[in-house]
**Q** 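Quick one: structure below, then a few questions.
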Amino acid sequence: MALVPLLLVLALAGALAVGTAVARRSPPSRETTVAAARTHAVGTTATALLAGAAAATAVGVAGLGNASPGSLGRTALLVPVAAGVVHVVVLGLGELTWPRPQGQVRRARLVRRRLLDAAPRWLVRTTVGAGVAAVVTIALGAALAAPDGRSLLVEDPPFRSTAGPFPGLVYGRPAGLGLLVLAAVTVAALWIVATRSAVVTEDDRIEDAVRRASAHRVLRAAAATTLVVAGGLLAVAGNAAWSISSTTGGGVLAVLGVGVGGCGLAALLAGVLVACVRAPGVPADRPVPA
């Protein structure tokens with residue numbers, strides 16, 4: 001008779017174990033799955049922000065200890081590049097660790113997703129436009145810079161004037177290489193977004209919104225970084241042109257300097273604004289527990 005309580009305890013433990021196993025293998029509801037995806041996205045975004053800030057701080061501290069000519073300007077350009085690259089890399093790693101479909105019954109659409117299918121068109125255009133502006137600025141800066149690669153030289157006898165900083169190769173080369181790395185990691189992250197597993201939900205609009213939000217976060221970081229770098233290059237170029245015009249009295253150069261500098265400041269402001277644009281959310285008429 002003493003074995004009866006023990007058998008009852010074992011039977012109860014076995015029933016609880018079986019029940020727990022069945023519950024774990026049962027397909028999660030749409031709300032639970034989407035909530036898990038949103039939680040993962042929030043955690044990934046926060047981690048990307050912290051990692052980007054840490055990378056920018058590290059580059060800034062390292063650059064302050066460099067006394068070589070032009071080091072301060074290079075550091076000012078590489079700080080946002082480092083933040084943007086690390087931010088996008090962390091977002092890509094977050095997409096690689098996206099919550100996988102669970103349960104015995106799974107649902108998925110057979111959809112061929114291309115690289116930019118989920119990407120907001122305005123962000124694609126903004127990123128490409130900022131990249132083109134940066135490339136043109138670096139190319140023209142390299143062609144017009146003085147032999148030192150970091151100042152603008154204007155020779156108009158009897159005047160010979162120089163002003164800096166100017167986006168010659170001293171500044172343009174590291175900025176260009178940094179933007180190339182940013183472009184590579186952005187393409188890789190967008191490919192991961194396009195090919196990762198779908199959120200288990202019966203509402204296709206939710207799956208589209210979640211994937212579109214992931215692409216938005218990647219392109220938002222890339223666009224904001226590129227705009228800030230391009231804006232910084234344009235701003236210093238315009239300032240150098242204005243400085244020389246104040247010495248030589250060149251009216252055309254003054255107007256050109258004001259225009260280029262104004263475009264640079266506008267690009268810097270646009271970069272800040274783009275970084276603040278929130279990613280699209282889940283359709284409001286289908287409430288999802290947070």
Side-chain angles (χ1 to χ4, degrees), residues 36-63 74-100 113-120 122-132 134-135 138 173-199 210-233 268 270-280:
R38 292 177 64 186
T39 301
H40 181 81
V42 170
T44 299
T45 303
T47 304
L49 288 171
L50 292 175
T57 302
V59 170
V61 171
R74 288 194 299 269
T75 300
L77 288 170
L78 292 179
V79 163
V81 170
V85 168
V86 172
H87 188 98
V88 173
V89 168
V90 173
L91 290 177
L93 293 175
E95 294 297 321
L96 286 175
T97 58
W98 193 261
R100 301 294 180 181
R113 300 185 183 92
R114 293 172 296 183
L115 185 69
L116 298 177
D117 282 349
W122 73 271
L123 268 177
V124 174
R125 290 192 291 267
T126 300
T127 306
V128 172
V132 171
V135 170
I138 292 171
R173 183 184 291 113
L177 292 175
L179 291 178
L180 281 177
V181 174
L182 177 64
V185 298
T186 299
V187 171
L190 289 174
W191 180 82
I192 294 171
V193 170
T195 58
R196 67 160 169 77
S197 57
V199 177
V210 171
R211 198 178 298 273
R212 189 163 56 250
S214 295
H216 177 103
R217 284 185 284 268
V218 171
L219 278 175
R220 177 178 60 190
T225 301
T226 308
L227 281 169
V228 168
V229 173
L233 292 171
L268 287 168
V272 174
L273 293 177
V274 168
C276 297
V277 177
R278 295 186 61 181

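Computation of the quantities below employed the complete heavy-atom set of this structure, encompassing side-chain atoms and omitting hydrogens, waters and symmetry-equivalent molecules. Residues take their numbers from the sequence shown, with the count starting at 1. Computed from a prediction, not measured in an experiment: that's the story for all the values here.
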**Q** Quick check: closest heavy atoms across Val81 and Val229, and the distance to 0.1 Å?
**A** CG2-CG2, 3.6 Å
**Q** Kindly compute the distance separating CG (Leu227) from CG (Leu268), expressed to the nearest 0.5 Å.
**A** 8.5 Å
**Q** Measure the spacing between CD1 of Ile138 and CZ of Arg173 and express it to the nearest 0.5 Å.
**A** 11.0 Å
**Q** Does Gly94 offer a backbone N or O that forms a donor-acceptor pair with the side chain of Thr97 under 3.5 Å?
**A** yes
**Q** Closest approach of Ala134 and Leu179, non-hydrogen atoms and distance?
**A** CB-CD1, 3.6 Å
**Q** Hey, what do you get for CG (Leu233) to CG (Leu77), rounding to the nearest 0.5 Å?
**A** 5.0 Å
**Q** Could you grab the distance from atom OG of Ser214 to atom CG of Leu91, nearest 0.5 Å is fine?
**A** 8.5 Å
**Q** Roughly how far apart are Arg196 CZ and Trp191 CH2, rounded to 0.5 Å?
**A** 13.0 Å
**Q** State, to 0.1 Å, how close Val274 and Ala223 come at their nearest heavy-atom pair, and which atoms those are.
**A** CG1-CB, 4.1 Å
**Q** So which heavy atom on Val193 is nearest to which on Ala215, and how close?
**A** CG1-N, 4.0 Å
**Q** Rounded at 0.5 Å granularity, tell me how far NE2 in His87 sits from CZ in Arg217.
**A** 9.0 Å
**Q** Can you see which heavy atom on Thr75 is nearest to which on Gly60, and at what distance?
**A** CG2-CA, 3.9 Å
**Q** Using every non-hydrogen atom in the two residues, find where Ala230 and Ala130 come nearest and quote the distance to one decimal.
**A** CB-O, 4.0 Å
